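Everything quoted here is computed from the prediction, not taken from an experiment.
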Amino acid sequence: MNRLWFIVWAVVIWQVAAWAFAPAPSVAPQSFTPIGDRDFDEHEKYIADARESQRKGALAALDRPWSDRCGDARKQFISGLNEYYYHRQNQSERYPETYGPAGAGYIARQWLTADDRRIERLTQEAYAAGYLKPSDFDGMASKMVATVVHAERVNGRGCDA
């Protein structure tokens, strides 16, 4: 009986050692299937509508009177922009991961509309006037806001005035 326990014990130890000291499996680099703009159409039906809705929400927030950017209304102002910049940053990171270089180029073009440029300009003006800062936004959105306002100088006092 002792020999049987010894053999079982030895097999268990051998299995644990083999598992613990086995080399990590090599992960093949991710290969991307070449995708053209037309190939994105099937995936983009619903996402394009969402992008348009996010633009409208951001423009509505930025079109609010300056006085609505402080106090109790501030939460709505920041929330409208947060939604837009969150999705913009998320898609800018995820499309290249999913679709490779074709995805990076495609999504960059999707966020270059006249409305997007207007949102960026108005965001820069609000930042320069002191009405917002990147830390007002959630993690992913704050990265994009920081990129948009990086060349701006704050010359106003915003809500502190």
Side-chain angles (χ1 to χ4, degrees), residues 22-161:
S26 63
V27 177
Q30 186 175 7
S31 64
F32 299 102
T33 305
I35 294 176
D37 282 353
R38 289 184 176 234
D39 296 326
F40 285 102
D41 289 344
E42 186 64 32
H43 304 298
E44 288 291 303
K45 300 182 219 190
Y46 309 106
I47 298 172
D49 290 341
R51 272 194 292 272
E52 197 57 39
S53 175
Q54 291 148 7
R55 286 181 184 108
K56 287 179 183 176
L59 287 170
L62 289 163
D63 286 340
R64 296 172 72 94
W66 290 98
S67 61
D68 280 358
R69 297 176 183 201
C70 301
D72 295 335
R74 179 171 175 70
K75 187 174 183 179
Q76 290 177 322
F77 170 64
I78 296 297
S79 177
L81 290 175
N82 191 74
E83 178 78 7
Y84 170 81
Y85 282 116
Y86 169 84
H87 287 287
R88 185 171 170 177
Q89 179 67 31
N90 187 43
Q91 290 176 17
S92 296
E93 290 179 8
R94 296 301 155 268
Y95 273 63
E97 289 175 0
T98 305
Y99 303 110
Y106 174 81
I107 202 61
R109 288 188 301 277
Q110 298 309 304
W111 290 106
L112 285 177
T113 68
D115 283 341
D116 294 314
R117 289 190 299 273
R118 181 171 176 233
I119 291 166
E120 287 178 7
R121 182 180 49 79
L122 292 172
T123 300
Q124 291 164 348
E125 288 175 10
Y127 174 77
Y131 285 97
L132 61 84
K133 54 190 178 287
S135 62
D136 292 335
F137 298 89
D138 295 337
M140 190 153 301
S142 69
K143 287 176 15 182
M144 182 58 74
V145 172
T147 300
V148 169
V149 302
H150 80 277
E152 299 297 317
R153 282 189 51 193
V154 177
N155 52 21
R157 295 188 52 193
C159 296
D160 296 333

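Contact check for Tyr85 versus Val148: side-chain heavy atoms found under the 4.5 Å cut-off. Arg51 is not listed as a side-chain neighbour of Asp116, based on a closest heavy-atom distance of 4.5 Å or more.
Residues satisfying the salt bridge (charged side-chain N to carboxylate O under 4.0 Å, His left out) criterion with Glu120, sequence neighbours excluded, are Arg88. Under the salt bridge (charged side-chain N to carboxylate O under 4.0 Å, His left out) criterion, Glu52 pairs with Arg55, sequence neighbours left out. Every residue meeting the side-chain contact (heavy atoms from CB on, under 4.5 Å) condition with Ala73, not counting sequence neighbours, appears here in chain and number order: Arg64, Asp68. Take Tyr131 and apply the ring-ring contact (aromatic ring centres under 6.0 Å, His included) test, not counting sequence neighbours, and it matches Trp66.
Side-chain contact of Ser79 with Asn82: a donor-acceptor pair under 3.5 Å is absent, judged by distance alone.
With salt bridges taken as basic N to acidic carboxylate O contacts below 4.0 Å, none links Asp115 and Arg118.
No donor-acceptor distance shorter than 3.5 angstrom exists from the side chain of Gln110 to the backbone of Ala48, with no hydrogens or angles considered. Listed for the Asp136 side chain is a donor-acceptor partner under 3.5 Å among the backbone atoms of Lys133.
Within 6.0 Å of CG on Asp63 lie more than 12 heavy atoms contributed by other residues, nucleotides or ligands.
Pairs passing the disulfide bond (SG atoms under 2.5 Å apart) check and including a residue from residues 83-120, sequence neighbours excluded, do not occur. Residue pairs meeting the disulfide bond (SG atoms under 2.5 Å apart) criterion with at least one partner in residues 68-156, sequence neighbours excluded, are Cys70-Cys159.
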